[in-house]
Amino acid sequence: MSLNEIAGPVNYNSSYVPLQTTESISCEEAFSTKAFRNISEVVVSSLEQYLQNIEPVSGLALTDPAILTQKARSLMTNASEEIAAFDENRLRKIIDLYTKTGIQVHSKGYMGRQFSGVLPLSGVFDLVNATVNQPSSFYEAAQLPNVAERIMQEELNKYIGYPEDTFTMVTTSGGSLANLTALLAARNYKYPNVWNSGLHGIQPEGRPAVAISENAHYSIKRAIGIMGVGEDQIVKLPVNDKNQIDSRRVPLMLKKAKEQGLHVFCMVASACTTDTGSFDPLEELSTIARENNIWFHVDGAHGASLLLSDSHRYKLKGLENADSFIWDAHKMLFTPGTCTLLFYKDKQRSYGAFRQDASYVFEKEADIYTALDSGEQNFECTKRPLIMNLWVSWAMHGKAVFSQKIDRLCYLAAEAYNILCNENDFELVHQPQANILCFRYVPDNLDPEVHPHFQLNTRNKIKEEGRFFISKVELNGQEVLRVVFMNHEIEMKHFRMLLQEIRRTGQDIIAAQNGRSAQHKLHTAINIL
Ligand SMILES: *Cc1c(COP(=O)(O)O)cnc(C)c1O
């Protein structure tokens, strides 16, 4: 996409020219209710226009960072001692630049990642969060958010099935932090002295180790590194042909680990995996973990939302046995990033992740107010009231807005799979269990020796051309294309268009390599619908 397309109707100078700020205002005016009103109106109308004018099929207009920096700089005030007045035109240009340079999450060409366009109620509510600005780790600073957390944990537990009085939920900024928090709670529970004495004192039991799937998300390995357990102490659990942990082989793996001097204190399952959306057999694994006195953690960042769907809930059977699990609301509950729910079966254990005395904030004897504080259970001190975006949607629309969309997204992946079954030049690598589908483009004239990174190159070229945005992953040492359906408005005609785009792009790559002068047509963003 060209610079002018990104810039839209706005005419930017090619070099950085500081703005001539004419008007100045007082500090009081900058913080005034009138300013709030004026600015909000500009923001709402700009965003409405953006949403109205989404290109039906578009992915990403990747911009040279140097050019983008120049554009951004050209929109900055040059006032230093005076406060520049609110300039509506400039704010519109900033919003324009922001929306045009991002991944087009509202378009049907976006099929690449796990975040998406959000429910309007959930997104717009961020304005309330930011305006009242109540950091939520302590009840006294954020009363409604803390009550909303308790309400949401009860609402969601209708689908989880933990014993009512003993479980708890904590919110964190993202799944990676939630995984780390849960694993810290597991480590500190299994090794009660570790907070004070570090990892030194625990050698006699064996080196602390964590058992995880070959396909676990990288944040799990990262947590293991941060905790001082070390990646060398990861026991990799083998997977079956459905990319699920092969639970029949787990007991032997644990036995071998023990023989090697490892003490597995925690086992992590995925529900579902990031690459193929596969659900590990939670029920079998939870039984094995219990028999071996191992903390069982489930990474449900993407897939825990399927609990809300009557037709997909069975995939999470056994989740109710997990000592802890995580659930990203900013993925399949369509809230803005980030909002992660971290559940513990036993509330007491949630206090173990960060054992620390900080008497200036933590109360020894909880009263009715401080009983709702979560500062001891999460890493953050100042924390956004993450739950509010989710709770307000749940409160006003109810559960069905989530379950209907989830069903639709999973249906799209199943339909796309059916289409690919009949396309000879595509190879399927798994049957979708959620809304994620991986496959390969393998035309007859493809020589893998000549093109060892054909899938990757095809994916990158599609991204550069900007009409579709898909991702790629490596599965069993093999590159594959990956599609994540996050937009319920996608139809199979859009998926078929993607297949055509993959064919055209892939053939261009083969032709170019063959020495023929490939005709690289410049992409023009035509409305093909
Ligand atoms: C996305 C994802 C994560 C990471 O969560 P963030 O919210 O992006 O930090 C962890 N595990 C799985 C399985 C995921 O899909």
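Values reported hereafter were calculated over all heavy atoms of this structure, with side chains retained and with hydrogens, waters and symmetry mates removed. Predicted model only: the values in this text are computed from it and were never measured. Indexing begins at 1, ligand by ligand and atom by atom, following the structure's order.
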Q: Would you tell me which option among T273, I220, T274 has the nearest heavy-atom contact to atom 15 (O) of ligand 1?
A: T274
Q: Using a strict cut-off of 4.0 Å, indicate which atoms of ligand 1 neighbour a heavy atom of H330.
A: 7 (O)
Q. Among side-chain atoms of N378 and T172, is any donor-acceptor pair under 3.5 angstrom?
A. no
Q) Using a distance-only test with no angle check, is there a side-chain donor-acceptor pair under 3.5 angstrom linking S270 and D299? A) no
Q: Identify, for atom 3 (C) of ligand 1, the protein heavy atom at the shortest distance, and state residue, atom and that distance.
A: K331 NZ, 3.3 Å
Q.
Taking only non-hydrogen atoms of T338, do any sit less than 4.0 angstrom from ligand 1?
A. no
Q.
Show the atoms of ligand 1 that are less than 4.0 angstrom away from any heavy atom in Q114.
A. 1 (C), 15 (O)
(Q) Give me the residue, atom name and distance of the protein heavy atom closest to atom 11 (N) of ligand 1. (A) D299 OD2, 2.6 Å
Q) Any N/O of S176 closer than 3.5 Å to an N/O of ligand 1? A) yes
Q | atom 6 (P) of ligand 1 - nearest protein heavy atom and its distance | A | G175 N, 3.3 Å
Q. Can you list the atoms of ligand 1 that are under 4.0 Å from a heavy atom of C272?
A. 13 (C)
Q. Does at least one non-hydrogen atom of A178 fall below 4.0 angstrom from an atom of ligand 1?
A. no
Q: Classify the side-chain pair K331/H302 by whether it contains a donor and acceptor separated by less than 3.5 Å.
A: no
Q: Would you kindly say whether T335 and N389 are connected by a side-chain donor-acceptor distance under 3.5 Å?
A: no
**Q.** E380 versus S173, side-chain donor and acceptor atoms under 3.5 Å
**A.** yes
Q.
Which residue and atom name correspond to the protein heavy atom nearest atom 5 (O) of ligand 1, and how close is it?
A. D328 OD2, 3.3 Å
Q) Can you tell which of K190, K347, R349, R290 makes a salt bridge (charged side-chain N to carboxylate O under 4.0 Å, His left out) with D323? A) R349
(Q) Assess, by modelled atom type and distance only, whether the side chains of T273 and N215 contain a donor and an acceptor separated by less than 3.5 Å. (A) no
(Q) Between T458 and K472, is there a side-chain donor-acceptor contact under 3.5 Å, judged purely by atom types and distance? (A) no
Q | Contact check, S219 vs ligand 1, heavy-atom distance below 4.0 Å | A | yes
Q) Can you list the steps and then say if E154 with R150 is a salt bridge (Lys or Arg N to Asp or Glu O under 4.0 Å)? A) CA-CA 6 Å; E154 280 164 27; R150 302 286 72 86; over 6 Å; no
Q.
Taking 4.0 angstrom as the limit and counting only heavy atoms of A301, give me the atoms of ligand 1 inside it, by number and element.
A. 2 (C), 3 (C), 10 (C), 11 (N), 12 (C), 14 (C)
Q) With a cut-off of 4.0 Å, which atoms of ligand 1 are near a heavy atom of G174? A) 7 (O), 9 (O)
Q. How far is atom 4 (C) of ligand 1 from its nearest protein heavy atom, and which residue and atom is that?
A. H217 CE1, 3.4 Å
(Q) Can you confirm whether the side chains of T338 and H330 place a donor and an acceptor under 3.5 Å from each other? (A) no
